[in-house]
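Because the structure is predicted, anything quoted here is derived from the model rather than measured.
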Amino acid sequence: MENTYKPYLMRIERAIDEAPGVKTFRLAFANDDDRARFSFKTGQFGEYSVFGEGESTFCIASSPTRDGYIECTFRQAGRVTSALARKEEGDTIGFRGPYGNIFPIEAWTGKNLLFVAGGIALPPLRSVIWNALDLRSNFKDITVLYGARSVADLVYKQELDEWGKRSDMKLVTTVDPGGETADWKGSVGFVPAVLEKMAPSPENTIAIVCGPPVMIKYTFPVLEKFNFTPDQIFTTLENRMKCGVGKCGRCTVGPVYVCKDGPVFTYRQLQSLPAEY
Amino acid sequence: MTSTTYTLTHDNLNALLRALVAAGKQLHAPQRVGPKVFFKPVNDAATIVFDYVQTAESPKSLLFPKAEFLVSYRQNSEGMVVTDHLQKEIPEMILFGSRPCDAAALSRFVQFFADGHADAMVTQRRRALTIISMSCIASDPACFCTSCGSSPGDTTGSDLLLTPISNGRYLVDVVTEKGQSLVAANEALFEQAPTIVKDSYLATVEAVFTPEEITKRLATSFNDPIWKNASLRCIGCGACAYVCPTCSCFTIEDEGNDRTGDRLRCWDSCAFALFTVHTTGHNPRPTQTERWRQRVMHKFSYLPETNHFLGCVGCGRCSRACPADMNLKEQIIAIAELLPAIG
C-alpha cells in the first residue's frame, strides 16, 4: 500500500498575477514518472503544500485536455496561501491528488452549457469551460456569465478577452455596482440580476454555478424561475479539508463528505443535505 | 471459529504474558498510573493490572497514534527531497486486557479506515496487532455496550477473548486464526475444554435503547430544538473524542521551516470551534450546538447510514471524562424520549 500523504513535487512553471491577492500557478511534475502516471478529470481538486507551512485545498483550474501540467488559482488569505503567494517561478511546492468526483461532462454531450460564476469561483468552472471548448463539437451553445466585485477583481482577464472574441461561445461579464471603470464595456449589476435579464432557457441545457454563498443563494431561484430543474443545476462545494480522501472528518455535510462524495453536486443533492457548508 | 475453547489458569496467563515480553513482543496492557488505568507498553508483566472496569483511554492509539509522521522533507543541493514514513515491516504488537467493547470499536475503526480510500498506516498496524481481550465481570453506570451492539462477552474484533470463570481460571475463546496461532505457540499453558456457557460469569449491562430506533429518530432531527438544550453544558474541550475508541478525526500540520521538517497527522475533534472554520471566517458549525449535534449524528445516524455500523460501542469513557458531566447514555435516552417517533 502507498502513503496517501506523500505529495508530488511540482515546479512552478508560470506564476500569473490575476487580481489583487489572486495568483495562478502553472505546475509541472518534477518527476517524469509522476507526470506519466498522473491523470485527472474536470471538477477534481488537490492538496497543494508549502513545506513547513502546510497544505491547502483548491480545485485543479486547468482542463484535463491540456496535458503535462496543472494549474491552480488561489487568493492569498491564510498561512498556506500567503506562503504560496511568496513562491516564484522555478520554486518547488507539493501537490497530492486528484481527489473527489467530477463534472459528468460526457453525459452532457449534445447539450447547451450555461456557466455562472462569481469572483474567485471561476477557477473550478474554467477547468470545465476549457474542457468543453477543447471538445467544442460535443456541445451545443456555450454561455459564460462571470461577475466580480470590481473590474480589478476579475480573474483570467486575458482568457476573458479571448472568450469574448470567440464566435462559438457567448461571454457576459459583469461587475457589482460601483465596481466599474470608465472604460468598462461589460454589464454592471449582481450576477443573479444579470442572469435574470439573460432569461436563460432550460431547454436541453445544463447550468453550472459556482460562486460565493450569497451569489449561489440568489442564483438558484433565478434558474428555477426559468424552469431549470434541480437535476439540471450543478455546483461545486468547498469546506475546510485536510485529508482529501474521506477520513479526517472535517468537510462533512450531514452524511456526505465534500472531498469524496463531492465536490460536484447537483442542486437536487444539495436540497437533501443540511446547510453545513 | 469460536468453536475451539480452552481454559487457562491465572498463573499460566501470567506465564504467557511474561513469555511474550521475554520474546521481545511489544505488549501493551493495562497498568496503573495514579488513580487511573491506562494501556501502556509492558516491560515487566507483574505491573499488569486486572481489577479495573475500563481504562481511561481507549487502545486506538496503537493503530492511530496521537501524532505520527506522514512525510519528512529536506532541501539539499539537488532540490527538495520528501521521504515517506510508511514502514515496510511493522513490528508485531500484542494488546492485552482490552474490553470487548474496545475490540468491537477497533474492528469498526479499522473498517472505517479500510473502506474507500484505504489508509495504509492503520490497516498495516492492525495486521501487526494481536488482540487478547478480557470479558467484563463488572460494569459501572456509564457502561451501555448492550445498547450499542456489543456485550460484556462479545468476541467481535478480538483474536482471543478471556473470560474469568471460577477457581482463578479463564475461559479462552479463540476467535481468529491469529488467536489460534498464539495458542498453538504456547500450547503447554492451555487446556482444551468443553464449551462453557459464559453468561453467568459476565457483568450485567442493561440495554437502555435500541440503536436502530435511535438512528431512525435522528434521521429527521437535524433542525430539532433538542440540540440547543442538549449541548448547553458542552465547553468544547474535546475530551470525549480523545478518549473515544471510535473517534477518528484528525488534522495534518507541518512542523519545521522551509528547508527541513515533518508533516504530521494528529488527533482532532469536531468539538473544536476551529475544526470547520473557513479561511474567510465563515464557520458551517458556528456554535457548540452544531458541534454536539455533529458528534451525536455522526455516531448514531451518519455512520449507520454510510458505513452500516454504529459509531459508538457504549464504552462510557466520554461520560466518565467529560468535565461538564455530559453523559452520552443519558443524552441518547433523552433523545429517544424527546424526538418524535417516526412511523
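Judged purely by atom type and a 3.5 angstrom limit, A:Lys247 uses its side chain to pair as donor or acceptor with the backbone of B:Phe112.
Taking a 6.0 Å sphere around CZ of A:Arg149, one finds it holds 12 or fewer heavy atoms contributed by other residues, nucleotides or ligands. Within 6.0 Å of atom NZ in A:Lys41, 12 or fewer heavy atoms from other residues, nucleotides or ligands are found, so the atom counts as exposed in its surroundings. Around the OH atom of A:Tyr69, the shell of radius 6.0 Å holds more than 12 heavy atoms that belong to other residues, nucleotides or ligands. More than 12 non-hydrogen atoms from other residues, nucleotides or ligands lie less than 6.0 angstrom from CD of A:Gln76.
Of the listed residues (B:Thr279, B:Thr251, B:Thr276, B:Thr306), the one with the most heavy-atom contacts under 4.5 Å to chain A is B:Thr251. For the set A:Gly78, A:Gly254, A:Gly249, the entry with the most heavy-atom pairs within less than 4.5 Å of chain B is A:Gly254. In terms of non-hydrogen atom pairs under 4.5 Å with chain B, the most contact-rich of A:Val80, A:Thr252, A:Val253 is A:Thr252. The most heavy-atom pairs under 4.5 Å with chain A, out of B:Arg285, B:Glu305, B:Met297, come from B:Arg285.
Contacts between B:Tyr73 and chain A at a heavy-atom distance below 4.5 Å involve the side chain alone, from C-beta outward. Contact annotation for B:His282: only side-chain heavy atoms (C-beta onward) come within less than 4.5 Å of a heavy atom of chain A. For B:Phe275, the parts sitting under 4.5 Å from any heavy atom of chain A are the backbone and the side chain alike. Residue B:Gln124: no heavy atom, backbone or side chain, is found under 4.5 Å from chain A. For B:Thr123, the part sitting under 4.5 Å from any heavy atom of chain A is the side chain, from C-beta outward, and nothing else. Neither the backbone nor the side chain of A:Cys251 comes within less than 4.5 Å of any heavy atom of chain B. Heavy atoms of A:Tyr8 lying under 4.5 Å from chain B are absent altogether.
Residues of residues 46-58 of chain A having a heavy atom under 4.5 Å from any heavy atom of chain B, listed by number: A:Ser49, A:Val50, A:Phe51, A:Gly52, A:Glu53, A:Gly54, A:Glu55. Residues from residues 268-277 of chain A that place a non-hydrogen atom less than 4.5 Å from a non-hydrogen atom of chain B comprise A:Pro274, A:Glu276, A:Tyr277, given in numerical order. Proximity to chain A among residues 253-267 of chain B is limited to B:Glu253, B:Asp254, B:Gly256, B:Asn257, B:Asp258, B:Arg263, B:Arg265, judged by heavy-atom separations below 4.5 angstrom.
If you check the side chains of A:Thr4 and B:His117, you find a donor sitting under 3.5 Å from an acceptor.
Taking CE of B:Met80 as the start and CD1 of A:Ile93 as the end, the distance is 11.0 Å to the nearest 0.5 Å.
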*asked:* With side chain to side chain contact (heavy atoms under 4.5 Å, CB included) as the criterion, how do A:Tyr5 and B:Ile252 come out once you've worked through the C-alpha distance, each side chain's angles and the decisive distance to 0.1 Å?
replied: CA-CA 9 Å; A:Tyr5 302 101; B:Ile252 297 172; 3.7 Å; yes
*Residues B:His278, A:Asn239; criterion side chain to side chain contact (heavy atoms under 4.5 Å, CB included); working and verdict*: CA-CA 7 Å; B:His278 291 196; A:Asn239 246 358; 2.9 Å; yes
*Carefully, step by step, assess B:Val277 and A:Arg240 under the rule side chain to side chain contact (heavy atoms under 4.5 Å, CB included).*
CA-CA 7 Å; B:Val277 72; A:Arg240 186 94 188 263; 4.0 Å; yes
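Salt bridge B:Asp268/A:Lys242: absent, no basic N to carboxylate O contact under 4.0 Å.
By the salt bridge (Lys or Arg N to Asp or Glu O under 4.0 Å) test, A:Glu13 pairs with A:Arg11, sequence neighbours left out.
In this structure, B:Met121 and A:Asn3 approach most closely via the heavy-atom pair SD-OD1, 4.4 Å. Among all heavy-atom pairs drawn from B:His298 and A:Tyr257, the shortest one is NE2-OH, 4.1 Å.
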